[in-house]
Amino acid sequence: ECAHRAVLKALDSGSKMDALFAVHDSLATGAYQALKEKKIHIPKQIKVIGIGDSEIPKYLSPPLSSAGAEESRVYEKAAALMLELIENPTSEPKVMLTRARYIARGST
């Protein structure tokens, strides 16, 4: 619902967009609905990409293009790093590298 409201607000304020990047596939569903309400065609008028490649993308129309980490345990590792920083706030931040993947579908 928050992505739906945010996209409607941006469009109603006159914002011009040719692409939308949703930080999670579930947020893309609200964005899709807002764009459809405004009769904005995906991908002809705006391209949409989500993060995560959950089960959601294949059920949207058009199917959502997704990006995300190839490594299945990336979120678990990121949470462990975050907890480590909370427990030791003076410790140096660490960088975690992972390979990314992009799955092109109908929204781009």
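In this text the structure is predicted, and so the values were computed from the model without any measurement.
Put simply, the side chain of Tyr32 reaches to within 4.5 Å of the side chain of Leu64, judged on heavy atoms. Counting only heavy atoms from C-beta outward, the side chains of Lys47 and Ser107 never approach each other to under 4.5 Å. In this structure the side chain of Asp18 never reaches within 4.5 angstrom of the side chain of Ile46, judged on heavy atoms.
Residue Ser65 comes nearest to Gly106 through the heavy atom pair OG-N, 4.4 Å, listed as atom of the first residue, atom of the second, then distance.
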Quiz: residues 55-62 side-chain donor-acceptor pairs under 3.5 angstrom, not counting sequence neighbours:
residue, atom, partner, partner atom, Å
Glu55, OE1, Lys58, NZ, 3.0

Donor-acceptor contacts, no H, no angles, side chain residues 37-44, under 3.5 Å, sequence neighbours left out:
residue, atom, partner, partner atom, Å
Glu37, OE1, His4, NE2, 3.3
Glu37, OE2, His4, NE2, 2.9
Glu37, OE2, Gln33, NE2, 3.4
Lys38, NZ, Asp12, OD1, 2.5
His41, ND1, Lys44, N, 3.4

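Both Ile51 and Tyr102 sit in one connected hydrophobic cluster of ILVMFWY residues. Membership requires side-chain heavy atoms under 4.5 Å apart, directly or through other members.
For Asn88, the side chain to side chain contact (heavy atoms under 4.5 Å, CB included) test picks out Glu84, Ser91, with sequence neighbours left out. For the side chain to side chain contact (heavy atoms under 4.5 Å, CB included) test, no residue two or more places apart in sequence or in another chain qualifies with Thr90. Annotation: side chain to side chain contact (heavy atoms under 4.5 Å, CB included) contacts of Ala80 (sequence neighbours excluded): none.
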Just do the side chain to side chain contact (heavy atoms under 4.5 Å, CB included) check on Asp25 and Ser66 with the steps written out, would you? CA-CA 8 Å; Asp25 292 340; Ser66 293; 3.4 Å; yes
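The distance from atom CG of Leu81 to atom CD1 of Ile86, rounded to the nearest 0.5 Å, is 11.0 Å. The distance from the NZ atom of Lys16 to the CG atom of Leu11 is 9.0 Å, given to the nearest 0.5 Å.
Other cluster members for Val23: Leu27, joined by side-chain heavy-atom distances under 4.5 Å among Ile, Leu, Val, Met, Phe, Trp and Tyr.
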